Amino acid sequence: MANKPVLHYVNGRGRMETIRWLLAAAGVEFEEKFFETKEQLQKLQKTELFFQQVPMVEIDGMKLVQTRAILHYIAEKYNLLGKDLKERALTIMYSEGIMDLMELIIICPFLKGEEQITRITEITNKAKTRYFPAFEKVFKSHGQNFLVSNQLSMADVQLFEVILMVEEKVPDALSGFPSLQAFKTRMSNLPTIKKFLAPGSKRKPMPDAKYVEEVIKIFF
Ligand code: GSN
C-alpha cells in the first residue's frame, strides 16, 4: 500500500486545515509532523520547503507546497475536482471565493482589540450578504445535492468547512439560507465527514490565545 501523506505544519488550523478536511472527506488517512519552535521551522525551511513556507505535504514522492496546488492535487486524485473542464472551472471558482472568506477568518485571531471587532463585522457581513446568498442561489437554481453536480467536490468540502467557521463566530449565520442548512445536514451525514467531525479526529480546535502566542513566536 502507498505511504500515507505526511502533513508538515504547526499543531493548529491555519492554512493546513482545509487540506486536512479534503483528505478526510476523501477517506484518506494521513500523518502529521508538527513543528513547535522557530528553530524547527528554520531547519525545515533549509532542507525541505521549496519556498521556505508551509503548508507542506509529502505525497506520492513529492514535497508539495502552496495550499492551492496541494488542494488541487488531492482533489484531482480523488475525483473531487469535477468530471470535465467546465465542472473543474466552477469547482475552482467556488473554492477561490470560499478561500477569500476563509482568509479573513484565519487572520482574525491574530488581530488585536478594535481591529478584531471590525474584522468580525466584516466576516459576518461578507458571509451573509455576499458568499452565503451566492451559494444559496446555486442550490436553488439546480436543486442538486452538491454545488457543481450530484457528486461531492472540493468546493462542497470547503463550503461546509467555512460554514462551520462562520458559525463559530456567528451562530445564527445560516438563518435565512434554507438550502445551505439542508446542505450542511447532508454534509454532516456523509460517513467520512461524520468521522472527521467526531471527537478524536485530526480536526483542529478553534485557535485560542495560547495557540496564537505560539504561532507568533514561530513565524515572527
Ligand atoms: O498558500 C500558500 O501556501 C502560500 N501562498 C502562503 C503560505 C504562507 O504564507 N505560509 C506561512 C505560514 S502562515 N500559513 O500557513 C509561512 O510559511 N511563513 C514562513 C515564511 O518565512 O514565509
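Just so it is clear, the model here is predicted, and its values are computed rather than measured. Start at 1 and go down the list; that is how both ligands and their atoms are numbered.
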Item checked: Check against ring pair (Phe, Tyr, Trp, His ring centres under 6.0 Å), Tyr9 and Phe34 -> CA-CA 5 Å; Tyr9 203 65; Phe34 303 122; 8.9 Å; no
Can you list every pair where an N/O of ligand 1 is under 3.5 Å from an N/O on the protein?
from: ligand 1; atom 1: 1 (O); to: Thr67; atom 2: OG1; distance (Å): 2.9
from: ligand 1; atom 1: 3 (O); to: Thr67; atom 2: N; distance (Å): 3.0
from: ligand 1; atom 1: 3 (O); to: Thr67; atom 2: OG1; distance (Å): 2.8
from: ligand 1; atom 1: 5 (N); to: Gln66; atom 2: OE1; distance (Å): 2.7
from: ligand 1; atom 1: 9 (O); to: Arg15; atom 2: NH1; distance (Å): 3.3
from: ligand 1; atom 1: 9 (O); to: Gln53; atom 2: NE2; distance (Å): 3.4
from: ligand 1; atom 1: 10 (N); to: Val54; atom 2: O; distance (Å): 2.8
from: ligand 1; atom 1: 14 (N); to: Tyr9; atom 2: OH; distance (Å): 3.3
from: ligand 1; atom 1: 14 (N); to: Arg15; atom 2: NH1; distance (Å): 2.9
from: ligand 1; atom 1: 15 (O); to: Tyr9; atom 2: OH; distance (Å): 2.6
from: ligand 1; atom 1: 17 (O); to: Val54; atom 2: N; distance (Å): 3.0
from: ligand 1; atom 1: 21 (O); to: Gln45; atom 2: NE2; distance (Å): 3.1

Notebook entry, point to check: Between Gln40 and Thr37, is there a donor-acceptor pair closer than 3.5 Å when you use the side chain of the first and the backbone of the second?
Noted result: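 Pair found, side chain donor or acceptor close to backbone of Thr37.
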Check: Judged by atom type as modelled, is there a donor-acceptor pair below 3.5 Å linking the side chain of Arg186 to the main-chain atoms of Asn145?
Finding: yes
Next item on the list: For Glu39, look at atom CD and say whether over 12 heavy atoms of other residues, nucleotides or ligands are found less than 6.0 Å away.
Entry: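 Correct, the count exceeds 12.
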Next item on the list: Drop me the distance from Ile105's CD1 to Glu161's CD, to the nearest 0.5 angstrom.
Entry: 9.0 Å
Check: Ring centres of Phe139 and Phe183 under 6.0 Å apart?
Finding: yes
